[in-house]
Protein chains: 2
Amino acid sequence: MRKAKAAETRAALLEAARRLFAERGFLNTKITDIAAAAGRSAGSFYEHFADREELLGALLAEMEDSADREVARAGHPREHDLTDRDQLREHLRIAWSVFREHRAVMVALFQSRVGAGPGDGRAWDDLTSETAVFRHHLEYLRERGHRLPGDPELVAAAMGAMLGMLGYSMLTRAEPVGDDTVVDTLTDLLLYGLAGPAGTP
Amino acid sequence: MRKAKAAETRAALLEAARRLFAERGFLNTKITDIAAAAGRSAGSFYEHFADREELLGALLAEMEDSADREVARAGHPREHDLTDRDQLREHLRIAWSVFREHRAVMVALFQSRVGAGPGDGRAWDDLTSETAVFRHHLEYLRERGHRLPGDPELVAAAMGAMLGMLGYSMLTRAEPVGDDTVVDTLTDLLLYGLAGPAGTP
DNA sequence: GTCTATATAGAGATAGAC
DNA sequence: GTCTATCTCTATATAGAC
């Protein structure tokens, strides 16, 4: 079975790439490294992917599937109330757990995007499109008369920036971090800010 | 005067690098590009800098000087109260204006660090050391009995992550952004959170 | 499909003349 | 100090045998 063999090679390449991306990152991982780690030749790589970016795209698709499944499990109507502590926390918890579970892809994506350079404002476009969920929830709040700190798109982007950068920084450390602690802290910071809930000393 | 001529070349290289970093970023700017843009030869570059990183270090030093001056102008005792809106806002305003003024250096630094890869947890170290000022102020608050959303180091890092990533994303767009609006929004978000100040509908 | 071998190109870095 | 010329290395990508 040729097909089975080919699929096996493809899977091996993806798996090897995932491991190497997590270890040394995307930019420092060469195509020859991936092929070698998968026990295949460099030439064989190109039978499956046009280049490194395409392989990253495949990994990203896997990650999105898995993230969608995790979100779907909980359900996610637009009417979520992000000023409800439990609901906000659940959003942050899921984001953080996806980061952790797909650390390699996250690191690679982060590197690939930042590495592409400033030129075209792609960083902003990516940030807004990936925080669209937050934005929708915030718009919903605003429609209901709640006063937000600012424009929903900007606030959503700020939340995403915090999550993304903190995730990259913390999840590329050697020492593991207490996920619950992080999620709790971010929840309280985003919900009540530094001042804390009403009546805090 | 040989010295004067050399200093001139050095300055020209720095200036060219600054321009190119802002346009296409650090990783996409080759040493030969910098030399050419400065009207010098590639060989001459090495008379002044050992490599691209060293040049970036020189730009960074300039930026830090300028930032220190801006901070010093206002004074910055440890006893700042970040739960005071004006004081928090002033901190954010200064950070944002430094980003804007030294966009090229910021972009380059960001790229250089992310590009270095996950390996050694450098991202976390950099983030914590650069948010040390926030941390100190937060520790001061905690000592005075104020209840924070979490560990001062973590909260400070989260604030810095938000600022840094949002700054990178927004300041690498083509369309300019209203700085005051951004600073106001971040101030309110960090001070009172999504829930808003006590008594908000 | 997979391999080995190789063409090609880019960029860092240095040697030596001026 | 600066330039031109060049060496060297690395990585992408392809050609052709099996």
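In what follows, chains are A, B, ... by sequence order, proteins preceding strands, each numbered from 1.
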Length of the line joining [X]:[atom1] and [N]:[atom2], which is rounded to integer Å:
X       : N      : atom1 : atom2 : value
B:Asp33 : C:dG10 : CG    : P     : 12 Å
A:Ile34 : D:dT10 : CD1   : P     : 18 Å
A:Glu53 : D:dA13 : CD    : C1'   : 16 Å
A:Glu54 : D:dA13 : CD    : P     : 11 Å
B:Phe49 : C:dG12 : CZ    : C1'   : 16 Å
B:Leu13 : D:dG1  : CG    : P     : 13 Å

A:His91 and A:His76: CA distance, side-chain angles, deciding distance, ring-ring contact (aromatic ring centres under 6.0 Å, His included) verdict: CA-CA 9 Å; A:His91 277 79; A:His76 50 282; 8.6 Å; no
The side chain of [X] is closest to which nucleotide in this list: [options]?
X       : options               : result
A:Ser41 : D:dT2, C:dA13, C:dT4  : C:dT4
B:Ile31 : C:dG1, D:dA13, C:dG12 : C:dG12
A:Glu47 : C:dG1, D:dC3, D:dT12  : C:dG1
A:Tyr46 : D:dA13, D:dC3, C:dG12 : D:dA13
B:Lys5  : C:dT2, D:dA11, D:dT2  : D:dT2
B:His48 : C:dG1, D:dA11, D:dT2  : D:dT2

Short side-chain N/O contact to C:dG10 OP1/OP2 from B:Thr32, under 4.0 Å: no
Touch class at under 4.0 angstrom, heavy-atom based, for B:Arg52 against every strand present: nothing
Least distance between heavy atoms, B:Leu194 atom then A:Leu138 atom: CD2-CD2, 4.0 Å
Sidechain N-carboxylate O distance under 4.0 Å for A:Glu101, A:Arg18: no
Approximate separation, where rounding is to 0.5 Å, of B:Arg10 CZ and B:Phe49 CZ: 4.0 Å
Contact nearer the 5' end of DNA chain D, comparing A:Asp51 with B:Ser44: B:Ser44
